[in-house]
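Data first, discussion second: the structure below is written as structure tokens.
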Amino acid sequence: MKRMSRLIAGVLISAGIIGVTSVAPTRAEESASRVNAQENFRWYCIQCHGPTGDGKGVNNTKKLPVSPRNLTDGKDMAQFSDEDMMRTITHGGGASDLSPIMPPWGNVFTNQEIRDLVGLIRKMCNCRFDPKAKEAFLKQQGR
């Protein structure tokens, strides 16, 4: 009986430890996530947004009707919430009334990879969402 109690206690403690570790990512997981976001950016985004995110990628030519967004411009990027960026990355620019040339990446990236890209973009722009900036942008657009 004592042995069974210890076994049950051990299982419950293990389950608690696993539950705690699955909630908060470890430094290694955060580091891997950051690396994956950088690799995904280099592989899929750099062609238009450029190596530093400044919008000066090789696909940014005068033939484009709209230049790729400068992801390093904190004042401009503050108008977009994380949800806005996730929607744009997932469904493409047209889904957010932005450039329809930006393709949807929702079938390429997992939701976590998209969240990681949003985190990377936040680091590039060194900004946070500012509702007043969004309000000004929408007013400028006539919405």
Side-chain angles (χ1 to χ4, degrees), residues 4-143:
M4 184 64 123
S5 295
R6 282 187 182 164
L7 178 65
I8 291 171
V11 169
L12 291 174
I13 290 170
S14 296
I17 291 170
I18 290 169
V20 168
T21 57
S22 67
V23 171
T26 65
R27 285 188 181 182
E29 289 170 331
E30 287 176 358
S31 179
S33 176
R34 194 175 327 111
V35 169
N36 289 341
Q38 290 170 339
E39 286 301 312
N40 284 336
F41 186 85
R42 283 188 205 122
W43 189 255
Y44 295 97
C45 311
I46 199 172
Q47 293 85 357
C48 295
H49 291 285
T52 63
D54 62 3
K56 297 179 181 174
V58 295
N59 290 345
N60 186 2
T61 67
K62 293 180 182 180
K63 294 180 181 181
L64 286 180
V66 178
S67 290
R69 191 164 298 277
N70 178 352
L71 304 175
T72 66
D73 183 344
K75 185 176 178 185
D76 181 48
M77 292 304 296
Q79 68 183 304
F80 301 109
S81 68
D82 290 1
E83 292 78 20
D84 292 336
M85 285 193 259
M86 288 191 64
R87 180 180 51 255
T88 301
I89 294 168
T90 302
H91 301 292
S96 299
D97 291 329
L98 300 171
S99 175
I101 294 173
M102 180 177 164
W105 297 107
N107 291 330
V108 175
F109 301 129
T110 65
N111 286 336
Q112 184 60 53
E113 288 172 320
I114 293 170
R115 279 191 288 278
D116 294 343
L117 279 169
V118 169
L120 178 65
I121 293 166
R122 286 288 180 217
K123 287 181 181 177
M124 287 178 176
C125 70
N126 193 25
C127 69
R128 292 185 179 150
F129 173 58
D130 179 1
K132 290 180 182 179
K134 183 170 188 162
E135 185 180 315
F137 172 74
L138 293 173
K139 191 179 281 187
Q140 180 186 23
Q141 297 292 315
R143 297 188 254 162

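Just so it is clear, the values below take in all heavy atoms, side chains as well, and ignore hydrogens, waters and symmetry mates.
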(request) Could you walk me through whether K132 and E135 pass salt bridge (charged side-chain N to carboxylate O under 4.0 Å, His left out), step by step? (result) CA-CA 5 Å; K132 290 180 182 179; E135 185 180 315; over 6 Å; no
(message) Suppose the criterion is disulfide (SG to SG under 2.5 Å): which pairs have a residue in residues 87-120, not counting sequence neighbours?
(response) none
(message) Using the side-chain contact (heavy atoms from CB on, under 4.5 Å) criterion, which residues pair with R128? Sequence neighbours excluded.
(response) none
(message) Measuring from atom CZ of R87 to atom CG of D97, what distance do you get when rounded to the nearest 0.5 angstrom?
(response) 8.5 Å
(request) Give a yes or no answer on whether the side chain of S96 reaches the backbone of L98 with a donor-acceptor pair at less than 3.5 Å. (result) no
Please output the side-chain donor-acceptor pairs of residues 46-53 that fall under 3.5 Å, not counting sequence neighbours, one pair per line with the distance.
| from | atom 1 | to | atom 2 | distance (Å) |
| --- | --- | --- | --- | --- |
| Q47 | NE2 | W43 | O | 3.1 |
| H49 | ND1 | R69 | O | 3.0 |
| T52 | OG1 | D54 | OD2 | 3.4 |

(message) Please enumerate all residues that pass side-chain contact (heavy atoms from CB on, under 4.5 Å) together with M85, with sequence neighbours excluded.
(response) M77, F80, D82, V118, I121, R122
(request) Not counting sequence neighbours, which residues clear side chain to side chain donor-acceptor pair (under 3.5 Å) with Q140? List them please. (result) none
(message) Under the disulfide (SG to SG under 2.5 Å) definition, can you give me all pairs with a residue in residues 71-102, not counting sequence neighbours?
(response) none
(message) Using the disulfide bond (SG atoms under 2.5 Å apart) criterion, which residues pair with C45? Sequence neighbours excluded.
(response) none
(request) Identify, with sequence neighbours excluded, every residue that meets ring-ring contact (aromatic ring centres under 6.0 Å, His included) alongside F129. (result) none
(request) State which residues pass side-chain contact (heavy atoms from CB on, under 4.5 Å) with S99; sequence neighbours excluded, sorted by chain then number. (result) V66, I101
(message) Looking at every non-hydrogen atom in both residues, tell me the closest pair between E113 and N40 and how far apart they are.
(response) OE2-ND2, 3.7 Å
(request) List in chain and number order the residues that pass side chain to side chain donor-acceptor pair (under 3.5 Å) with D73, two or more places apart in sequence or in another chain; answer none if no residue qualifies. (result) none
(request) Could you grab the distance from atom CG of N70 to atom CE of M124, nearest 0.5 Å is fine? (result) 10.0 Å
(request) Would you mind listing every disulfide (SG to SG under 2.5 Å) that reaches into residues 103-143, with sequence neighbours excluded? (result) C125-C127
(request) Check salt bridge (Lys or Arg N to Asp or Glu O under 4.0 Å) between K134 and all other residues, then give those that pass, not counting sequence neighbours. (result) D84
(message) Using every non-hydrogen atom in the two residues, find where L117 and F109 come nearest and quote the distance to one decimal.
(response) CD1-CE1, 3.6 Å
(message) Is any side-chain heavy atom of R115 closer than 4.5 Å to one of T110?
(response) no
(message) Are more than 12 heavy atoms, taken from residues, nucleotides or ligands other than N59, located less than 6.0 Å from that residue's CG atom?
(response) yes
(request) Any chance you could measure K62, atom NZ, to L64, atom CG, to the nearest 0.5 Å? (result) 12.5 Å
(message) Between N60 and G55 (side chain of the first, backbone of the second, donor and acceptor by atom type, cut-off under 3.5 Å), is there such a pair?
(response) yes
